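Remarks on the structure that follows.
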Amino acid sequence: MQFSSFSISRLPRIIFGSGRIKEVPALAAEYGQTALLITGKHSFCSTPRWPSFTASLEAKGMSWLHVTVSGEPSPELVDQTVSQFRSEAIDVVIAIGGGSVLDAAKAIAGLLPHGNSVMDHLEGVGKNITYRGPSKPFIAVPTTAGTGSEATKNAVLSVQGPEGFKKSFRDECLIPEYAVIDPDLLVSCPRELVAADGMDAFTQLLESYVSLKANPFIDALAWSGMSAFKDGFFAAWEGTEPTASHGRAAMAYAALLSGITLAQVGLGSVHGLASPLGAYFPIPHGVVCGTLVAAATDVNIKAMLTREPGNQALAKYAQVGRLLTGHAEMDDTEARTSLTSLLTDWSEKLQLPRLSSYGITETDFPLIVANSRGSSMQTNPIALTDDEINTLLVRRL
Ligand SMILES: [Zn+2]
């Protein structure tokens, strides 16, 4: 094991387990009397859990306001919501929803005390003004198992179209006070979302495991997350009891860990490409991950075998191959080949759409490649050439 220097930044307080959403009202009451609730349009607030949740907030003496978010959040949505609620004496922001809801709420909580536009702080496209906090206290309750946003310090905001972007508002002050992960909330998640979100979580774990910034502390968490994924993903996706509820708990855990690991050591080429793909085309983030991860892994492995045969990520890919196939006896070469063919099989089994399903053509590749070199690409285990990134895209067109 290599012990080079590393740092671990703040984490939210984590509350994990079946039924634990019931603890949220008491946690929220620690911060005051007025909560802003941010949810998706349907996922939580059309279930019987919603009236019982708001009733228990009221039983703790809290009043609440409610706003819904649909689709991936834009800077405009964040700014509008901040100006709508800025004059209310909000004490705590509670988000209950998927990654988009959590990201929107994280940015809203961060700007409610200040009232300025999120464009002042958005990486790469904003005015580059340093955000100094504080944020309103923020409690994140995921209802999908994917992005791990409940554990991260960034809110991803996007504008879609030819002039589009997908960028982060990022600061340690934005880390939730509490991440409350209740696997029971995943029960209403549609099957295609379980597939795409699960592949996002897996990709995040794999990319952080082989990241250039990887360290033994985070490796242990990434490994634990990938083990949970192997244990529960297909049970959660198939949705047949009695194994499905175990699968949902495994996936809620894997997604949480993927958020922790990505926030600490970064990601790789799939997430580098997710930024331009999501900005210019209507392709959901989880689909980008699921459809590209096999080809991206193969391109990374081939590039390292050719140019950097001593790169330690090669041994790590082999370890993951042995973990996921369950064949501990495989040598490194066989384990790496098995890893890429297993990931390819998964994308077929899950029927993850190809890039062309979203109107992407080969003529779009130069623009996509040129805009793929953000922070995630910087921690890919090997610096890929434009040709290699192009090859990766061609394989999934
Ligand atoms: Zn992701």
Side-chain angles (χ1 to χ4, degrees), residues 71-73 97-104 106-107 123 140 142-158 160 165-170 174 179 181 189 192-211 213 218 221-222 225-226 228-229 233 251-279 281-297 300 343 346-347 350 352-353 355 358 368 371-380 392 396:
E72 297 193 1
S100 294
V101 171
L102 267 46
D103 278 3
K106 196 184 286 178
E123 284 177 3
T143 59
T144 59
T147 66
S149 175
E150 64 274 18
T152 71
K153 61 182 174 188
N154 64 310
V156 180
L157 304 178
S158 50
Q160 208 175 75
F165 58 80
K166 191 167 177 124
K167 297 285 177 184
S168 281
F169 170 30
R170 194 187 310 261
L174 303 178
I181 297 100
C189 196
E192 324 77 72
L193 269 188
V194 175
D197 292 348
M199 289 309 290
D200 181 20
F202 174 76
T203 305
Q204 291 173 173
L205 290 162
L206 178 65
E207 291 196 319
S208 21
Y209 189 61
V210 298
S211 158
K213 285 195 198 158
I218 296 302
L221 299 181
M226 288 189 286
F229 177 92
F233 176 59
M251 287 310 298
Y253 174 81
L256 166 69
L257 264 60
S258 79
I260 297 173
T261 62
L262 83 87
Q264 303 289 338
V265 300
L267 293 162
S269 62
V270 176
H271 279 80
L273 284 163
S275 174
L277 285 168
F281 302 96
I283 176 167
H285 178 72
V287 172
V288 173
C289 294
T291 207
L292 293 186
V293 67
T297 301
N300 273 351
L343 296 178
W346 286 356
S347 52
L350 299 168
L352 290 158
L355 299 174
Y358 297 91
I368 295 167
N371 286 282
S372 70
R373 296 194 180 274
S375 57
S376 294
M377 197 63 97
Q378 304 305 315
T379 45
N380 195 60
L392 189 174
R396 287 303 293 174

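One-based numbering, in listed order, for ligands and for the atoms of each. Computed from a prediction, not measured in an experiment: that's the story for all the values here.
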### Message
Quick check on the Zn ion (ligand 1): does Cys289 put an N/O/S atom closer than 2.8 Å to it?
### Response
no
Using a cut-off of strictly less than 2.8 Å, determine whether Thr147 has an N/O/S atom near the Zn ion (ligand 1).
no
Angle subtended at the Zn ion (ligand 1) by His271 NE2 and Gln204 OE1, to the nearest 10 degrees, is 110°
>> Would you say the ring centers of Phe281 and Tyr358 fall short of 6.0 Å from each other?
In response: no
Output yes when a side-chain donor or acceptor of Ser211 lies under 3.5 Å from a complementary backbone atom of Val265, and no otherwise.
yes
task: May I ask you to test the Ser347-Thr291 pair for a side-chain heavy-atom distance under 4.5 Å?
output: no
Among the N/O/S atoms of Asp200, the Zn ion (ligand 1) lies closest to OD1
- [ ] Determine whether the side chains of Asp200 and His271 contain a donor N or O and an acceptor N or O closer than 3.5 Å.
- [x] yes
